[in-house]
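Taking it in order: structure first as structure tokens, then the write-up.
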Amino acid sequence: MIVTIDSLLDAGELASARSLLASVSWSDGHITAGAQAALAKNNQQLTDDEPRTAALRQVVLQALSRSATFFAAALPLKILPPFFNRYAGSANAYGAHVDGAMRQAPDGSYVRADLSATLFLSDPDSYDGGELLIDDTFGTHSIKLPAGSLVLYPSSSVHQVTPVTRGERLASFLFMQSMVRDENRRRLLYEMDMALLQLRASVGETGPVVQLTGTYHNLLRQWADS
């Protein structure tokens with residue numbers, strides 16, 4: 001399941017992120033690449049100890065915490081601290097790869113990467129190329145969102161970033177472990193949750209809506225781990 005969230009960052013948060021990014025020092029993107037990904041990865045990235053990384057992470061996590069759509073789609077149990085990357089010049093692409101299943105958290109523990117996300121921070125008309133291509137059972141999806149918008153997708157999918165041939169593409173990328181491990185169950189819960197929102201808006205909290213809401217929570221209770 002691929003879910004896009006428009007304007008995850010509000011105007012103030014986007015301006016703050018861009019201001020912080022304007023004065024960072026970029027490092028080689030291979031710092032977080034596994035053996036397979038390292039062969040395909042050619043970009044730049046912020047290190048954990050870059051002075052502005054912590055403030056940038058706070059901007060992203062604050063926006064995620066208030067997004068009901070993000071919670072409904074991801075049902076997050078653990079979210080690794082957000083990363084930030086840059087595609088421009090000769091470091092401008094990331095070939096086809098699959099994200100590693102287990103990611104190490106700052107405290108040394110491991111997080112299972114069920115879901116990945118890309119938060120676009122550059123206006124799409126400010127650079128050429130840089131599309132995120134995600135393969136799933138329905139084909140290849142080309143995604144290039146407005147600045148401040150996010151796409152959420154299974155970490156198990158083959159994906160890539162096409163070469164940036166003009167300008168620069170700045171983004172945050174994230175990995176998270178879901179309370180519901182199975183992708184199909186997450187999709188069913190998300191679709192039910194979205195349908196319930198529409199029903200409440202159109203008919204209110206009627207008896208059948210209350211019953212269906214109970215079914216949603218009972219399925220979540222059965223399938224979720226915490």
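Position 1 is the first residue of the sequence; numbering continues from there.
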Close side-chain approach of [X] and [Y], heavy atoms under 4.5 Å:
X: L46; Y: L21; result: yes
X: P76; Y: Q177; result: no
X: R86; Y: N43; result: no
X: I2; Y: L152; result: no
X: L80; Y: F173; result: no
X: L119; Y: L121; result: yes
X: I5; Y: S67; result: yes
X: L196; Y: E191; result: no

Go through the side-chain N and O atoms of [X] and [Y] and say whether any donor and acceptor fall under 3.5 Å apart.
X: E131; Y: T162; answer: yes
X: S116; Y: S155; answer: yes
X: S157; Y: D135; answer: no
X: N92; Y: Y87; answer: no

Tell me, with the steps shown, if F84 and L170 meet side-chain contact (heavy atoms from CB on, under 4.5 Å). CA-CA 7 Å; F84 298 85; L170 303 177; over 6 Å; no

Could you check S25 against E50 for side-chain contact (heavy atoms from CB on, under 4.5 Å), going step by step and ending with a plain yes or no? CA-CA 7 Å; S25 296; E50 211 291 329; 4.1 Å; yes

Only one of [options] passes side chain to side chain contact (heavy atoms under 4.5 Å, CB included) with [X]; say which it is.
X: F175; options: M102, R103, R112; result: R103
X: R57; options: V60, V59, T53; result: T53
X: L8; options: L14, V151, L150; result: L150

Can a salt bridge be assigned to the pair [X] and [Y] using a cut-off of 4.0 Å between side-chain N and carboxylate O?
X: E183; Y: R187; answer: no
X: R169; Y: D128; answer: no
X: E13; Y: R66; answer: yes

Whether the side chain of D182 engages the backbone of R185 through a donor-acceptor N/O pair (distance < 3.5 Å, no angle test) should be reported.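 Between the backbone of R185 and the side chain of D182 there is a qualifying donor-acceptor contact (under 3.5 Å).
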
Chi angles and distances behind the side-chain contact (heavy atoms from CB on, under 4.5 Å) call for M192, L188: CA-CA 6 Å; M192 183 180 290; L188 289 171; over 6 Å; no

Measuring from atom [atom1] of [X] to atom [atom2] of [Y], what distance do you get when rounded to the nearest 0.5 angstrom?
X: S172; Y: L174; atom1: OG; atom2: CG; answer: 4.5 Å
X: L197; Y: T213; atom1: CG; atom2: OG1; answer: 9.0 Å
X: D136; Y: I134; atom1: CG; atom2: CD1; answer: 8.0 Å
X: L39; Y: N42; atom1: CG; atom2: CG; answer: 12.0 Å
X: S65; Y: F71; atom1: OG; atom2: CZ; answer: 12.0 Å
X: L56; Y: R18; atom1: CG; atom2: CZ; answer: 13.0 Å

Check whether more than 12 heavy atoms from other residues, nucleotides or ligands sit under 6.0 Å from atom CZ of R181, and answer yes or no.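 12 or below, so no.
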
Given K78 and D114, is the salt bridge (charged side-chain N to carboxylate O under 4.0 Å, His left out) satisfied, shown in steps? CA-CA 10 Å; K78 301 175 183 177; D114 296 320; over 6 Å; no

Of the non-hydrogen atoms in [X] and [Y], which two are nearest, and what is the gap between them?
X: A72; Y: M194; answer: CB-CE, 3.8 Å
X: G129; Y: K144; answer: O-NZ, 3.1 Å
X: V164; Y: G130; answer: CG2-CA, 3.6 Å
X: A74; Y: S178; answer: O-OG, 2.8 Å
X: S122; Y: Y127; answer: CB-CE2, 3.7 Å

Please step through side-chain contact (heavy atoms from CB on, under 4.5 Å) for the pair L199 and T206, ending with a clear verdict. CA-CA 9 Å; L199 281 172; T206 63; over 6 Å; no

What orientation do Y153 and H159 show, parallel under 30°, tilted 30 to 60°, or perpendicular over 60°?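 Plane angle over 60°, so perpendicular.
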
